[in-house]
Structure formats: structure tokens, C-alpha cells
Trainee: 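Attaching a single structure in C-alpha cells format; questions to follow.
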Amino acid sequence: MTQATTQQKPFPQSQQAGRPNAATKPTRWAADAVATLPEGARTRLDFSAQSLWRVDRLIGDLRREDRPYGAVESVLRGLGAYAGEVIVRRTGGEWWATGGDHWVRTPDGHLWDPIDEARRCFAGHGSLRLLCRDATGG
């Protein structure tokens, strides 16, 4: 079992209050992240599961450039939200939010935290590609 599966959380029923507008911020963050990437990278991010290989590499490049976390925090949030959108589109899941945190809820009832997984990836301990694989069962 990969570390990405440890991000899987049982779905708490109390999260329903955050449901109506939960996708607004993450979808905007994802769009902003894609729009701010260099032209060549932008064209390869097509919300496919395969594109998450590129996202993991982009985050790895940021880590190797030894950028401080504060300088890349919004980029990581956007790339995590992008991965969340991939999961939503592949599974028919939806974004859930509470207390300022955002997760993807898949139809099997699990919550996944792709934004935190992007942070873990930057720290060298995560993979958005593997999180998507685990969340989609493929």
C-alpha cells in the first residue's frame, strides 16, 4: 500500500454543510495554476490521470530548485487542486470543504486530500499520481 492511500479518510457525515460551494475555490486554484505555468507545460495539463506524472515532476523541480515553501505555497495549492479536479472528473466525485480545508469525496465515501498531497510531494514524501491512482482504483 502506498503512502498516498494514507491520505484516505472515512467520510464524516458532518461535512455536508460545506458541500454547496465547495468546488468554487479549488477549481479556481487549479485554473490559476495551469494558467501561470510556462506555455509548454500548460498545454500538457489536460486533466487526464497521465498529466499527473507531469505535475509530480513540476513539483519535484520546484523542490530541487530549493525554493522556500512560502514562495511556492500557492502553486502547490493550485497543483493539488488540479489533481483533485482530475479525481473528480474520473470518479464522479465532488469537492467538500469545512473550516477552510478542501477534500475530494469519491463515490465510495472516502475523502482525499490532494492539496496536502501536493505539499507532501514538495517535501519529497508524496505523489499526486499515486493519490489519483488510489482514489480512482486504477
Side-chain angles (χ1 to χ4, degrees):
M1 185 174 275
T2 67
Q3 282 191 358
T5 58
T6 63
Q7 295 299 309
Q8 182 178 185
K9 301 174 186 174
F11 175 67
Q13 293 298 321
S14 62
Q15 298 291 328
Q16 291 185 6
R19 185 176 180 183
N21 297 314
T24 304
K25 287 182 180 180
T27 54
R28 186 179 66 233
W29 296 333
D32 289 348
V34 171
T36 59
L37 291 174
E39 186 63 37
R42 228 180 311 179
T43 60
R44 294 189 309 251
L45 294 184
D46 58 2
F47 294 94
S48 67
Q50 295 80 11
S51 69
L52 294 177
W53 284 89
R54 292 180 201 101
V55 173
D56 277 349
R57 281 197 306 263
L58 286 168
I59 294 172
D61 290 346
L62 292 173
R63 181 178 59 253
R64 284 185 288 283
E65 291 171 7
D66 204 25
R67 295 189 186 201
Y69 176 77
V72 298
E73 183 176 10
S74 65
V75 172
L76 295 173
R77 182 186 64 199
L79 293 174
Y82 171 85
E85 276 296 297
V86 171
I87 294 168
V88 165
R89 293 175 186 199
R90 289 186 52 111
T91 66
E94 57 191 340
W95 282 99
W96 286 73
T98 187
D101 293 324
H102 293 80
W103 302 278
V104 170
R105 179 179 183 247
T106 49
D108 63 5
H110 285 99
L111 286 176
W112 303 85
D113 192 345
I115 295 171
D116 187 58
E117 191 68 14
R119 294 181 194 117
R120 290 173 37 77
C121 191
F122 181 71
H125 307 293
S127 169
L128 292 169
R129 176 187 60 82
L130 294 177
L131 179 75
C132 180
R133 183 197 68 191
D134 292 344
T136 61

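It should be emphasised that the depicted structure is a prediction, and the values quoted were computed from it without experimental measurement. In this chain, residues are counted from 1 in sequence order. When reading the values below, keep in mind they use all heavy atoms of this one structure, side chains included, and skip hydrogens, waters and symmetry mates.
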Trainee: Grab the two heavy atoms, one from Asp56 and one from Leu128, that are nearest each other, plus how far apart they are.
Mentor: OD1-N, 2.8 Å
Trainee: Checking Arg129 side chain against Leu52 main chain: does a donor-acceptor pair fall under 3.5 Å?
Mentor: no
Trainee: With no hydrogens and no angle check, is any side-chain donor or acceptor of Glu117 less than 3.5 Å from a backbone partner on Ser127?
Mentor: yes
Trainee: Mind checking what makes ring-ring contact (aromatic ring centres under 6.0 Å, His included) contact with Phe47, not counting sequence neighbours?
Mentor: Tyr82
Trainee: When rounded to the nearest 0.5 angstrom, what is the spacing between CG in Asp101 and CG in Leu111?
Mentor: 11.0 Å
Trainee: Got a donor-acceptor contact below 3.5 angstrom from the Arg63 side chain to the Cys121 backbone?
Mentor: yes
Trainee: So how far is it from Thr24 OG1 to Trp95 CH2, rounded to the nearest 0.5 Å?
Mentor: 11.5 Å
Trainee: Measure across Gly80 and Pro114 and return the closest heavy-atom pair with its distance rounded to 0.1 Å.
Mentor: O-CB, 3.2 Å
Trainee: If you compare all heavy atoms of Pro107 against all heavy atoms of Thr91, which two are closest, and at what distance to 0.1 Å?
Mentor: CG-O, 3.1 Å
Trainee: If I compare all heavy atoms of His102 with all of Ile115, which pair ends up nearest, and what's the gap?
Mentor: CB-CD1, 4.2 Å
Trainee: Which distance, rounded to the nearest 0.5 Å, do you find between the SG of Cys132 and the CZ of Arg89?
Mentor: 12.0 Å
Trainee: Between Trp53 and Phe122, is there shared hydrophobic-cluster membership here, with clusters defined by ILVMFWY side-chain heavy atoms closer than 4.5 Å?
Mentor: no
Trainee: Supply the atom-to-atom distance Thr27 OG1 to Lys25 NZ, rounded to the nearest 0.5 angstrom.
Mentor: 11.5 Å
Trainee: Which heavy atom of Ala22 sits nearest a heavy atom of Pro26, and at what distance?
Mentor: O-CD, 3.1 Å
Trainee: May I ask you to say whether Glu73 pairs ionically with Arg77, meaning some side-chain N is under 4.0 Å from a carboxylate O?
Mentor: no
